[in-house]
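Here the structure is a predicted model, which is why all the values come from computation and not from measurement. These values consider heavy atoms only, across backbone and side chains, with no hydrogens, waters or symmetry-generated copies.
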Amino acid sequence: MANQNGQPWQDQDGHLIQAHGGCIIAHENTYYWYGENKDAANVQSDNGLNTIPFVGISCYESTDLQNWQFKNNVLTVASDKTGTITKDSIVERPKVLFNEKYHNFVMWAHYDTANYQFAGCIVATSTSATGPFTVQHILRPNQKDSRDMTLYQDGDKAYLVHSSDMNKTIYFSELTDDYLNCTGFMAKVFEDQEREAPTILHQGDWYFMITSGTTGWSPNPALFSRSHFLFSGQKLIDNPCEGPMSRTTYDGQPAYIFTVDSQPYLLMDHWKRYDLKHSGYSILPIKITGKRQRDIALPWTDEPFGGLLRQHSSL
């Protein structure tokens, strides 16, 4: 049976896809889906938080975006030669970029201690899309706390985009040319607006962002923003979702925006707080609307990609 939006998905071997909070990237005619492997039973931590022991960051591979093959857990406790990661560590929302200059893959993810008090990032690299990724270091970007995050390339620059100031504000932190650290330049958007789960789209003359509110595991209304500039003038506009479930973003949360033949799609998670391994996914087409192509809409479709995938003949 084909995977359906809002439901747990299966790989081509019939196993649950474990790639939560992740990203989908294209490289050399192949797509790679990275995410959190939640294939363990939920437990309650010593401080009462609902969690699972750290399993790893997984990688799936596909050439058609419909049939996904599990390749490996590309980041695990064994990958961390610094010995910082343990089964009690929090490693969330992994994002991967390919660095053309250094010809390697660089992963950033939210790293935290079991009590969520560190609020930093883990940075790892690999010469192969399918890993393994080797931890380079763990840091707080520009000495700022960092929780939900994404990576974004804009021309020859790359940025870590992360919730900071105790989830009050989102920061753009410019990365060094090897993508392993921050240059020190940073800009903030949505100051004191309490947004998280940042995703970014550049279409035409506009930079759009879709973010979620900060309500923990509970879904809330997504909001989109726009500006002619990446991190200047971003203004929250409206909820891009439509219909009766728009107030909960279809019971989901943004994870990543990627494009296929110039058509943008939003990868979403549908979290099951007390059964995380069975959390679902959606991939919804983003529509650019308005007289000046200045708004976006995210209509619900049961079929991943809104059925548009059948129209694409190549990556």
Side-chain angles (χ1 to χ4, degrees), residues 1-42 52-79 91-98 105 107 109 124 126 128-133 150 199 250-261 263 265-285 301-315:
M1 180 177 177
N3 290 317
Q4 293 292 298
N5 280 336
Q7 302 298 317
W9 287 14
Q10 294 182 353
D11 64 18
Q12 63 186 31
D13 295 319
H15 301 133
L16 286 176
I17 291 178
Q18 295 294 333
H20 310 282
C23 67
I24 294 175
I25 68 170
H27 184 73
E28 296 181 348
N29 297 320
T30 302
Y31 281 96
Y32 299 94
W33 185 358
Y34 303 93
E36 305 163 34
N37 190 326
K38 298 293 192 185
D39 194 15
N42 279 48
I52 65 165
F54 177 63
V55 177
I57 301 301
S58 54
C59 174
Y60 293 81
E61 179 183 282
S62 177
T63 56
D64 61 10
L65 288 163
Q66 299 179 83
N67 300 289
W68 293 95
Q69 180 185 16
F70 176 71
K71 300 302 293 184
N72 201 4
N73 284 325
V74 297
L75 182 66
T76 64
V77 171
S79 302
V91 184
E92 300 176 323
R93 295 196 166 266
K95 303 296 183 285
V96 176
L97 294 179
F98 179 70
F105 296 85
M107 176 188 296
S126 176
S128 168
T130 56
F133 280 74
T150 193
T199 61
Y250 312 121
D251 289 343
Q253 186 181 43
Y256 195 71
I257 292 175
F258 65 103
T259 60
V260 182
D261 292 345
Q263 168 62 51
Y265 295 96
L266 178 67
L267 171 66
M268 292 174 54
D269 294 289
H270 298 265
W271 299 109
K272 289 190 176 181
R273 178 178 182 179
Y274 298 107
D275 184 18
L276 288 169
K277 71 166 67 176
H278 287 99
S279 297
Y281 310 98
S282 291
I283 297 179
L284 298 176
T301 63
D302 291 330
E303 184 178 355
F305 298 92
L308 297 178
L309 192 61
R310 294 189 297 271
Q311 303 174 17
H312 300 306
S313 59
S314 62
L315 295 179

Separation of D275 CG from I52 CD1 (nearest 0.5 Å): 10.5 Å
I'd like to know if the side chain of T130 pairs up with that of S128 as donor and acceptor (distance under 3.5 Å, no hydrogens or angles considered). yes
Checking Q263 against Y265 for the side-chain contact (heavy atoms from CB on, under 4.5 Å) test, could you report, in this order, the C-alpha distance in whole Å, the side-chain angles of both residues, the deciding distance, and whether it holds? CA-CA 7 Å; Q263 168 62 51; Y265 295 96; 3.4 Å; yes
Quick one: does Y60's side chain get under 4.5 Å of I17's, heavy atoms only? yes
Shortest non-hydrogen pair, E303 vs N5, comes out as O-ND2, 3.2 Å
Would L97 and I25 count as a side-chain contact (heavy atoms from CB on, under 4.5 Å) here? Give the steps. CA-CA 8 Å; L97 294 179; I25 68 170; 5.9 Å; no
Which of Y256, F258, W68 passes ring pair (Phe, Tyr, Trp, His ring centres under 6.0 Å) with W33? It is W68
Could you report the tightest heavy-atom contact between V74 and C59, atom names first, then the distance? CG1-CB, 3.6 Å
Nearest heavy-atom neighbours spanning S58 and N73: CB-OD1, 3.6 Å
Test item: S282 side-chain N/O and G6 main-chain N/O as donor-acceptor pair under 3.5 Å: yes
Residues in side-chain contact (heavy atoms from CB on, under 4.5 Å) with P132, at least two apart? none
Checking W271 now: which residues fulfil side-chain hydrogen bond (donor to acceptor under 3.5 Å, both in side chains) with it, not counting sequence neighbours? Q253
According to salt bridge (charged side-chain N to carboxylate O under 4.0 Å, His left out), who are the partners of D39, at least two apart in sequence or on a separate chain? K277
Should Y34 and I24 count as side-chain neighbours, where that means a heavy-atom distance under 4.5 Å? no
Just how far is it from atom CD of E36 to atom CG of L75, taken to the nearest 0.5 Å? 11.5 Å
If you measure from CG on D64 to OG1 on T30, what distance do you get to the nearest 0.5 Å? 10.5 Å
Will you find, in the side chains of H20 and Y281, an N or O donor that is under 3.5 Å from an N or O acceptor? yes
If we only count heavy atoms from C-beta on, is the S79 to F133 side-chain gap below 4.5 Å? no
Which residues pass the side-chain hydrogen bond (donor to acceptor under 3.5 Å, both in side chains) test with S279, sequence neighbours left out? none
Contact between L284 and F305 at the side-chain level, heavy atoms closer than 4.5 Å - yes or no? no
Residue pair T301 / P285, side-chain heavy-atom distance below 4.5 Å: yes
Locate the shortest heavy-atom distance separating T259 from Y31; write the atom from each residue and the value. O-OH, 3.8 Å
Answer yes or no: is there a side-chain heavy-atom contact under 4.5 Å between F70 and D13? no
Closest non-hydrogen contact found for V55 with N37 is CB-O, 3.4 Å
Using only atom types and a distance under 3.5 Å, with no angle test, would you say the side chain of N42 pairs donor to acceptor with the backbone of L276? yes
Judged by atom type as modelled, is there a donor-acceptor pair below 3.5 Å linking the side chain of E61 to the main-chain atoms of Q69? no
I need the W9 CH2 to Q18 CD distance, nearest 0.5 Å. 13.5 Å
Is the closest side-chain heavy-atom distance between I283 and M268 below 4.5 Å? no
Residues forming a salt bridge (charged side-chain N to carboxylate O under 4.0 Å, His left out) with K95, sequence neighbours excluded: none
Does the side chain of T199 come within less than 4.5 Å of L266's, by heavy atoms? yes
Locate the shortest heavy-atom distance separating Q66 from N3; write the atom from each residue and the value. O-ND2, 4.5 Å
Could you work out, with side-chain contact (heavy atoms from CB on, under 4.5 Å) as the rule, every residue matching A109, not counting sequence neighbours? V91, P94, I122
